[in-house]
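Both counts, for ligands and for their atoms, begin at 1 and track the order of listing. The residues of the chain are indexed from 1 along the displayed sequence.
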Amino acid sequence: MSKQTIRDINFAGKKALVRVDFNVPLKEGVVNDDTRIRAAIPTLKYLLDQGAALILMSHLGRPKGEAKAEFSLEPVVSVLSDLLGKPVQFASDCIGEEAASKAAALNAGDVLLLQNTRYYAGEKKNDPELAQKLAKLGDVFVNDAFGTAHRAHASTVGVADYLPAVSGLLLERELDYLIGAVSTPKRPFVAILGGAKVSDKIGVIENLLTKADKVLIGGGMANTFYKAQGLAIGNSLVEDDVLDTAKSLLAAADGKLVLPSQVVIADAFSADANTQTIAVADGVPDGWMILDVVTDEFSAVLADAKLVVWNGPMGVFELAPFAIGTNSVAQMIADSDATSIVGGGDSVSAIKKSGLASEITHISTGGGASLELLEGKELPGVAAIGDKMAIQRTPIIAGNWKMNMSPAAGVGLAQGIVDQLGGSIPTQVVVCPPAVSLFAVSRVVGPSPALIGAQNIYFESKGAYTGEIAPDMLTGWVNYVIIGHSERRQMFGDTNEWVNKKVKAAFAAGLMPILCCGETLAQREAGETNAVLKAQIESALDGVSADDFETMVIAYEPIWAIGTGVTATPEQAEETCAEVRCMVAGIYGDTLAEKVRIQYGGSVKPANAFALASKPNIDGFLVGGASLKADSFVEIIREAARAYG
Ligand code: AMP
């Protein structure tokens with residue numbers, strides 16, 4: 001995404017003023033459901049690990065601008081303290097003397113929760129004075145409250161006028177899915193909308209009709225469309241004042257809007273009403289009402305969907321006889337291979353009740369905010385966050401063929417790749433054949449926009465080094481060279497010192513290094529990832545000038561994910577690539593670190609390329625096994641290009 005996140009800032013020794021959503025249900029002064037507190041933990045732990053002190057702000061309920069004990073955030077303190085595994089201090093007012101002195105006394109690793117921001121009327125009015133007082137407590141503003149990001153309040157928007165503002169991990173993930181995945185969708189993209197009223201979702205339908213391949217409509221809102229088509233709907237819930245809008249949406253949809261042809265009708269709004277399943281075309285008799293839909297038409301559409309977005313129930317799911325449509329949509333989405341995004345309280349609770357939550361790619365935490373994003377609106381809480389630096393890094397996808405492909409086979413593979421890509425290549429593409437095939441493959445790749453890379457070099461320029469290749473031998477006809485691949489480090493004894501010599505020798509010969517780094521599973525499990533990467537990177541770059549550094553590529557390849565079929569999750573890959581960027585920033589400064597390209601490598605395939613490439617710090621891939629087939633390599637390139645936009 002284009003907004004700054006907590007990963008873009010060095011928090012060591014800083015006080016992070018974090019807007020969280022601790023608007024939790026309380027029962028007799030005790031937190032009744034800690035879901036929202038848990039949702040904030042990854043961001044809070046990340047900040048604490050980075051050396052920040054935390055000052056947390058939230059609203060709870062609707063105290064209407066007055067200090068009312070039943071809306072106190074104090075009951076959150078013990079729950080949060082248990083989840084973080086450390087003490088949490090509390091300030092009985094969100095501004096004023098106590099908050100200021102407690103905030104000032106915080107050390108790295110300390111946590112302070114402020115009292116309900118809605119004790120002040122200025123919160124909802126986005127009062128600049130309140131915002132400024134809150135902002136004075138911290139050094140950096142972190143917004144992680146997606147549920148209130150559609151509100152311009154002092155603690156969600158106002159504070160950003162006085163502090164650098166970045167998103168937390170929860171907000172970042174919501175934006176990745178609800179903006180990122182939807183604006184450059186995998187296709188077919190199917191949206192499913194339900195709920196009581198069309199009037200609430202007109203903007204969403206209009207926007208999704210421009211983006212999705214099909215928009216499936218169920219729930220009470222379908223009734224208005226049936227009536228707009230001239231069908232009899234008996235006593236069903238209907239909104240006559242938007243009938244004309246429904247008619248024009250149907251006309252504009254050009255067949256994209258799908259309404260169920262069969263519905264469940266009842267003679268009363270009650271669980272023990274008489275029911276019938278009928279074809280809507282036959283008309284609903286007077287005295288009867290549509291309370292659920294039959295989702296048969298939906299299953300055919302969902303069968304080959306690649307992206308599904310669902311918001312709103314298909315019927316009166318609170319009453320068991322009319323929950324069948326909603327539950328079957330939940331099941332169909334869970335069963336499909338598509339990327340799935342579910343938002344809205346009712347759909348989310350249907351998914352959770354059916355035990356299907358783990359099958360869903362992204363469950364949104366904010367009803368109103370997610371609907372506004374689906375309408376294509378910019379949320380005020382997001383607009384207030386700083387934009388990322390406008391440095392554009394050219395994505396680079398390299399195929400490391402390893403010890404595969406003879407000259408003849410390599411020529412065939414390269415030809416397949418070049419032919420499928422055609423003349424305009426959406427990212428930089430590099431193929432890296434084994435040494436013996438390099439020349440033959442270069443003849444095929446040379447006339448195309450793709451580039452060629454070697455898999456290794458030696459650092460001496462000539463002499464008695466049987467079996468080795470001097471960098472100069474590649475000058476002029478090879479563009480890149482992979483250096484320090486984990487297989488060379490592990491099997492052929494390449495040390496950090498050798499890697500450094502090879503990097504410098506590559507630059508001297510006019511070759512651009514793709515410098516590999518990565519940790520083993522044991523090192524990851526021992527929490528040594530960052531230390532290992534730091535040692536590899538610092539030694540590899542020792543003596544490399546800033547000008548050279550800027551042109552090179554770093555490939556982060558977790559060794560546990562190479563050729564094992566195990567992939568780092570996009571979040572794991574992003575987190576480590578961001579760490580690598582921080583490490584090189586420590587050597588060359590932020591500006592150059594922002595310019596250098598960092599690839600991810602390790603079981604990259606067409607199915608995960610989009611999600612990985614959508615991450616802000618992943619600028620391409622070093623592909624292993626999947627680069628040995630033209631089809632899969634080209635599909636990875638196309639998926640990545642879709643993410644890079
Ligand atoms: P919304 O708040 O707009 O997402 O709507 C959710 C509500 O829509 C739920 O409480 C459902 O009971 C209700 N609903 C869904 N289908 C129907 C229907 N056919 N008739 C009346 N209400 C419905």
For this session: Go through the side-chain N and O atoms of Thr117 and Glu123 and say whether any donor and acceptor fall under 3.5 Å apart.
Result: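 Checked: Thr117/Glu123 side chains pair up, N/O donor to acceptor below 3.5 Å.
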
Problem set entry | Which residues share a side chain to side chain donor-acceptor pair (under 3.5 Å) with Ser340, sequence neighbours left out |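 Result, side chain to side chain donor-acceptor pair (under 3.5 Å) vs Ser340: Thr361.
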
One line per pair, note the atom names and distance for all nitrogen or oxygen contacts under 3.5 Å between ligand 1 and the protein.
{"from": "ligand 1", "atom 1": "3 (O)", "to": "Ala196", "atom 2": "N", "distance (Å)": "3.1"}
{"from": "ligand 1", "atom 1": "5 (O)", "to": "Ala196", "atom 2": "N", "distance (Å)": "2.9"}
{"from": "ligand 1", "atom 1": "8 (O)", "to": "Ala196", "atom 2": "N", "distance (Å)": "3.2"}
{"from": "ligand 1", "atom 1": "10 (O)", "to": "Glu318", "atom 2": "OE2", "distance (Å)": "2.4"}
{"from": "ligand 1", "atom 1": "12 (O)", "to": "Glu318", "atom 2": "OE1", "distance (Å)": "2.6"}
{"from": "ligand 1", "atom 1": "12 (O)", "to": "Glu318", "atom 2": "OE2", "distance (Å)": "3.3"}
{"from": "ligand 1", "atom 1": "16 (N)", "to": "Gly220", "atom 2": "N", "distance (Å)": "3.0"}
{"from": "ligand 1", "atom 1": "19 (N)", "to": "Ile290", "atom 2": "O", "distance (Å)": "3.0"}

Problem set entry | Partners passing salt bridge (charged side-chain N to carboxylate O under 4.0 Å, His left out) against Glu129 (at least two apart in sequence or in another chain) |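 Salt bridge (charged side-chain N to carboxylate O under 4.0 Å, His left out) list for Glu129, sorted by chain: Lys133.
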
Problem set entry | For Arg38, salt bridge (charged side-chain N to carboxylate O under 4.0 Å, His left out) partners two or more places apart |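 Arg38 satisfies salt bridge (charged side-chain N to carboxylate O under 4.0 Å, His left out) with Asp34 only.
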
Problem set entry | Approximate separation, where rounding is to 0.5 Å, of Ile233 CD1 and Phe225 CZ |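 Rounded to the nearest 0.5 Å, the CD1-CZ separation comes out at 12.0 Å.
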
Exercise. Do Glu375 and Lys377 meet the salt-bridge criterion of a basic N to acidic O distance under 4.0 Å?
Worked result: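 Here Lys377 pairs with Glu375 in a salt bridge, since their nearest N and O are under 4.0 Å apart.
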
